[in-house]
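Below: one structure, written as structure tokens.
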Amino acid sequence: MGEHSHTRTTTKRTEQSLVFAVNGERFELFQVDPSTTLLEFLRCQTSFKSPKLGCGEGGCGACVVLLSKYDPFLDKVEDFTVSSCLTLLCSVNGCSITTAEGIGNSKDGFHPIQERFSGFHASQCGYCTPGMCVSLYSALVNADKSDRPEPRPGFSKLTVPEAEKSIAGNLCRCTGYRPIVDACKTFATNVDMEDLGLNSFWRKGECDEVKLRRLPPYSHGNGTCVFPEFLKNKTKAGFNMESEACYWYSPVSLQQLQRLLQMDDENNETSRKIVVSNTGMGYYKELIRFNKYIDLRYIPELSIIKKDHTGIEIGAAVTISKAIETLKEANEPQFSQEGKLVFKKLADHLEKIASGFLRNSASIGGNLMMAQRKHFPSDIATILLSVDAMVDILTDQRYESIMLEEFLGRPPLDSKSVLLAIKIPCWRLSVDISSQGYTKLLFETKAGIMLNHCRLTFGAYGTKHAIRARNVEEFLSAKFLNTSVLYEAIKILEITVVPEDGTSHPAYRLSLAIGFLFDFLYPLLENPSEISSFWSDGDNKALPFSDFKGKQDFNQLDQTKFSTLLSSAKQVVQLSEEYNPVGEPIKKVGATLQASGEALYVDDIPSPSNCLHGAFIYSTEPLAWVKDIEFKPGSSLDGVIKLISSKDIPGENIGAQTMFGSEPLYADELTECAGQRIALVVADTQRNADMAANLAVIDYDKENLDPILSVEEAFERCSFFEVPSSLYPEQVGDFYKGMAEADHQIHSAEIKLGSQYYFYMETQAALAVPDEDNCMIVYSSSQCPELAHGTIAKCLGVPGHNVRVITRRVGGGFGGKAIKAMPVSTACALAAYKLQRPVRMYVNRQTDMIMAGGRHPMKITFSVGFKGNGKVTALRHDILIDAGISVDISPLLPNHMFGSLRKYDWGALAFDIKVCKTNRPSRSSMRAPGEVQGSFIAEAIIENVASILSLDVDSVRSINLHKYESLELFFKNSAGEPLEYTLPSIWNKLGTSSSFYHRVEILKQFNRCNKWRKRGISRVPIVHEVTLKATPGKVSILYDGSIVVEVGGTELGQGLWTKVKQMTAYALSLIQCGGIDELLEKVRVIQTDTLSLIQGSSTSGSTTSESSCEAVRRCCDILVERLTAFKERLVEQMGSIKWETLILQAYNSSVNLSAISLYVPDISSLSYLNYGAAVSEASISTDLIFLLFILCSFPQGEFSRAGQLNCLVHLISIAESQKLIPNNEDVALQVEIDVLTGQTTILQTDIIYDCGQSLNPAVDLGQIEGAFVQGIGFFMLEEYPTNSKGLVTAEGTWTYKIPTVDTIPKQFNVEILNSGHHKHPSGEPPLTLAVSVHCAIRAAIKEAREQLHSWGGDESSSTFKLEVPAIMPVVKELCGLDSVQRFLQWTIGS
């Protein structure tokens, strides 16, 4: 959002062309649609495809590029990252853009960043990797330009915290972040090489010198971004363009701006947009087209920064990053020491707003204008309001300087008004006039401490804008502080902060405000002597801190304290060279290409000539007749070609199919759920298609239609999908007998589980190209190309051989690219068939979220009987699964859930599971479908039993673990041999390796000694039933000895191609000839093609890699058999023979060098069990560090992403001193977590997972970590809400929060056990282990509730329900929304 403030532009020359560079290549444009984003230009008009469209909101980092600007006055280049999805192309005049390809590529050589990402296994699906690399590259460039001391050879000037935080704004759904952070840390000058995880460069135990030598070398030259010389001579005026249809103006003075605004008013111009950076579009989506843009960045008055003794004036167009830099460097002698401290702490808080690539472009003024005009929940407005900031406004010819509070409270400014600047005063405390000492805000007398004055500011609490709590300030002023005064202040605050109607979690928001005030003032009551000594000391050097004793030098308060995001991690893998290269942790195939952005995904395929684009129009009603589809009157339908609906289908109206049934591509006349596809808009560009779809108005008739919107309604109306008897699980034992044997019983307890969105980084995408003879080629991002193939053929009414579906790689799937990808490819194929032109579609994130369906919600009612020692004797479930409107794969859920539920010995297990048909979007398979819910249900029951009996929950888990006899009873043939049952040994080993029992004792002592901070720990097992499926493979050896492999599965990032490549190299090496050691590099696994290899089934269930390897091994066995006999004849003639010679001779002798196989598992290996266990320790805390100016605000409107509830700016830290328990475990590293806010932090996780015979430990490790972190999202963060009609209301990264790099376990330890039994899948089972986090949080809440109960109240401290996801409002409510008031009342009463 705008250029930096040092740009000095006085020229009035009008630029007739837009000139910039991309990766050093010059571009000059004369006519540009001003609404075109940089991302659109890069992807559509250049060969650089590495910037990806992940969210379109600046919230994921997939589109990040490096933007470089040259300042001729300073002869200096500034390099910073921006979101290309929000940056308008017209705003980059004179700039140089660097994408991942420009950092390094396969032609010019890869950059060490890209090589290290690959070598540290930091790329799985790879869709986010280019953005990650650019973010790190920017950090390296800027660090190496700094005047810091020279680093040791091979490293940059980055520190470990800076390296970690360089990618803090980038999202990844696959890896779990740990390997990405490790790759970044390899560049840090102060990194401890021992802290770096598993990689392909060195082996454990090698010395640092060897490790550094084996790393791809880095020098300062690698971090230099060269600015093109041809841009240095370009005049630095803004771009100006006029045409009949659109305009872009870059005024260089306020007078020019006023003339433009006046001219628009005279012409009644309404389609005008004033921009600095355009980042506001990420929050307020553009639903109309603007034809005139006015860029404010070149007006000096708006880009100025002034400093004088009264404070700092920042122009409205100055970026947030530049404002941070200015505030941090406010060291002028005219500023008081208090003022400097205020400036620096404001900067600290500004650094917590959004991500670096947004702060680099977003302007201070733009943020405040959104807050003023649209009630945007602005952190900036909140913190500036607390320091009495002022704003300068220009309306026509009238200048006005008003307080920010008045500015926010005024009606929205009209279009003639311009925000010019923000003035932040330099604070001087007024009472003490001495120039030698600090002013006293606090006075201690015999009567106690008096607070002289303070500022209390609250933002995003459900009020229209940030507010000052003046009545509370006035009440506290000149009062002696005591508990009663604090209690009365809180009572006043309760009537001051009043959330408006419609605010989410209003009670929670109010409790936060109260908690913040309490945590600021209460330490003054507990430690008055320490507080007073700080203010009365002549040098003011004493200040108490919350987490350690002792005095701190006051001068250190203005130093920003960085902490690492990950304290440490440990990976233990067992390697074997018996089947080399199988079992080796080689790097993932194509990872380096993914890092450079050269790996092609569907949307990266260049558009064929005459290509069109599609966007779905979907229903917003759950059940209604569709009478008509129109577009909003007066709307511009630029580029729209056709509207395609069910009436245009030549074959069957089918959009997806499974073995259980199909769903229509488009609703015929009746739409049966909100989000159902009704039609497809086809236009000349994706943006035009999306805009037209948003402008569609559907005329519904809902009379006499009664939708089913809950499983309870479905049950009452008997609306169910049939589950085939072969898939319905068998009950175990005699439930009634087991209940009769029980000492205790729980009857009809309820559990409800919500849904989860896939949030693959690449949304649904397809490209359909008509071919000769009525054929159709479809490129699809699909986990089930073969099923998509059949669906398309049926829809078009053509034979199967007329359709070809190709899938090279998928940018994340997790089950969402299986059935749910079919309607997208089918819709494109239908449109291409009707129009005889190529048609492609990249579904925007909001539409994708609405249509995806996601994980199955369900309601569970259970009854359980158990002994006094916690041993369960009988369990019954009545489960209602919400399948949505179409059957999809939902009939599989009962069997999947049952498999996961059976991980404990329940004595007897009975159930009634119904798959409900409702008027909601059809649910589909999502990573560990049914199994993650089953695992949670099992743990919830164990927790309930332990609570009723007041027993330690771990002992209840242990006593209910299977013995082999009960395992056989519950799992029958899948149980395998007794030696294969490794769970008991894993359970015990984890208890020892994680120091579980020792940590439990430390945790108990910690909780006893900490009033506002609580911790919990939990150990959970998994028993996962694996079912293999038929999988094809094909191996072909070319004349030169290179090898081509095809498999039925698709590469999703799970390492399928890597494992297949390893297996091929090993299996063919059995020929035993010269050169077989180099076979691995000769193997290439190619894309899935449904006409080349049939019977591909689906890539799901985490078994495709292992099954594909077995299919390929069988192909290789055939080839080895053919070639061995031929080799023996050659050896008799030639002696020893090399691989290339053997193959060439075989080729010339017409030996069949291609083999195909369909692996069909026999009954003995069709299903088996694998095991694992996890320990997670988590913390919730009410201990906050506050400041004298309380600045309370939320991040843009949500609570769910841990680490982003930036509620405070601590100017001077005063918090409750607490007794901390010494802890020799790394897990005891102190972490700030706010239980008063409900925020949680995962301190440590230890996992042991049995991979059987790991084909690639590095790949399996990545799958384990990634699955676990995705499970954290389900259990702790990811809300997938709908409105009363069932329409999804989550709209991308603003409201849907997946785990980020700062929410994963601070210490993340994983051990892969190679028991030698089978090849166990690693992609799905570890996700169910994330329930350990939920259980640990529950344990911490239990401690908080026991303390709350001691302060008075009737609620049970042990029996409670912790919802999924356990977001902050949920946690806080269970800890007590009124905990502060009750504590104060208890204190007063005692």
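The aromatic ring centres of Phe1308 and Phe1268 sit less than 6.0 Å apart.
Salt bridge annotation for Arg214-Glu206: present, with a cationic side-chain nitrogen under 4.0 angstrom from a carboxylate oxygen. Salt bridge absent: Lys1306 and Glu164 never bring a charged side-chain N and a carboxylate O closer than 4.0 Å. Using a 4.0 Å cut-off between charged side-chain N and carboxylate O, Arg178 and Asp182 make a salt bridge. Checked for salt-bridge contact, Lys322 and Glu325 meet the test: a charged N lies under 4.0 Å from a carboxylate O. Using a 4.0 Å cut-off between a side-chain N of Lys or Arg and a carboxylate O of Asp or Glu, Glu78 and Lys69 do not qualify as a salt bridge. Using a 4.0 Å cut-off between charged side-chain N and carboxylate O, Lys328 and Glu351 make a salt bridge. Salt-bridge check for Lys232 with Glu229: passed, with a basic side-chain N closer than 4.0 Å to an acidic carboxylate O. With salt bridges taken as basic N to acidic carboxylate O contacts below 4.0 Å, none links Lys107 and Glu101.
No side-chain donor-acceptor contact under 3.5 Å links Asn190 and Lys185. A donor atom on one side chain and an acceptor atom on the other are not found under 3.5 Å apart for Tyr177 and Asp1302. Defined by atom type and a distance below 3.5 Å, a donor-acceptor pair is missing between the side-chain atoms of Thr592 and Gln114. Judged purely by distance below 3.5 Å, without hydrogens or angles, the side chains of Asp79 and Ser68 pair a donor atom with an acceptor atom. No hydrogens or angles considered: a donor-acceptor pair under 3.5 Å links the side chains of Gln594 and Lys588. Checked by atom type, the side-chain pair Asn1309/Glu1311 shows no donor-acceptor distance below 3.5 Å.
For the ring pair (Phe, Tyr, Trp, His ring centres under 6.0 Å) with Tyr218, the qualifying choice from Phe155, Tyr137, Phe187 is Phe187, the only one to do so. Checked against Val65 for a side chain to side chain contact (heavy atoms under 4.5 Å, CB included), the options Thr87, Leu38, Thr98 give a single hit: Leu38.
Residues Leu231 and Ser96 are in side-chain contact: their nearest non-hydrogen atoms beyond the backbone lie under 4.5 Å apart. Residues Ile1312 and Leu1261 form a side-chain contact, since some pair of their non-hydrogen atoms from C-beta on lies under 4.5 Å apart. Two residues are said to be in side-chain contact when any heavy atoms from C-beta on lie closer than 4.5 Å; Thr129 and Gln124 fail this criterion. Side-chain contact between Ser156 and Thr189 is absent, with no heavy-atom pair separated by less than 4.5 Å. Side-chain contact between Asn142 and Lys145 is present, with heavy atoms from C-beta onward closer than 4.5 Å. In this structure the side chain of Ile312 reaches within 4.5 angstrom of the side chain of Leu327, judged on heavy atoms. Between Lys157 and Glu150, the closest side-chain pair of non-hydrogen atoms falls below 4.5 Å. At a threshold of 4.5 Å between non-hydrogen side-chain atoms, the residues Ile353 and Ile380 count as touching.
Heavy-atom minimum distance, Ser596 versus Gly104: CB-O, 3.4 Å. In terms of heavy atoms, Leu66 sits closest to Thr81 at CD1-N, 4.2 Å. Between Arg148 and Ala143, the shortest heavy-atom distance links the atoms NH1-CB, 4.4 Å. Here the shortest heavy-atom pairing between Ala323 and Ile314 reads CB-CD1, 4.1 Å. What you find for Met193 and Leu212 is that their closest heavy atoms are CE-N, 4.0 Å. Cys55 and Gly58 make their closest contact through SG-N, 3.7 Å (heavy atoms, listed as atom of the first residue, atom of the second, distance).
Atom CZ in Phe20 sits 9.0 Å away from atom CG in Asn93 (nearest 0.5 Å). Separating the OG1 atom in Thr175 from the CD atom in Gln1270 is a distance of 11.0 Å, to the nearest 0.5 Å.
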Could you walk me through whether Asn170 and Cys60 pass side chain to side chain contact (heavy atoms under 4.5 Å, CB included), step by step?
CA-CA 5 Å; Asn170 297 72; Cys60 71; over 6 Å; no
Check against side chain to side chain contact (heavy atoms under 4.5 Å, CB included), Ser106 and Leu593:
CA-CA 7 Å; Ser106 56; Leu593 284 178; 4.3 Å; yes
Show, in sequence, the C-alpha distance, side-chain angles and deciding distance for Ser83 and Leu358, and conclude whether the side chain to side chain contact (heavy atoms under 4.5 Å, CB included) test is met.
CA-CA 7 Å; Ser83 290; Leu358 276 181; 4.1 Å; yes
Taking it one step at a time, do Arg359 and Leu350 satisfy side chain to side chain contact (heavy atoms under 4.5 Å, CB included)?
CA-CA 9 Å; Arg359 295 194 299 268; Leu350 287 173; 5.7 Å; no
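Every residue two or more places apart in sequence or in another chain was checked for a ring pair (Phe, Tyr, Trp, His ring centres under 6.0 Å) with Phe230, and none qualifies. In this structure Glu115 satisfies the side-chain contact (heavy atoms from CB on, under 4.5 Å) test together with Phe110, Pro216, sequence neighbours excluded.
Ring pair Trp202/Phe120 is perpendicular by interplanar angle, where above 60° counts as perpendicular and below 30° as parallel.
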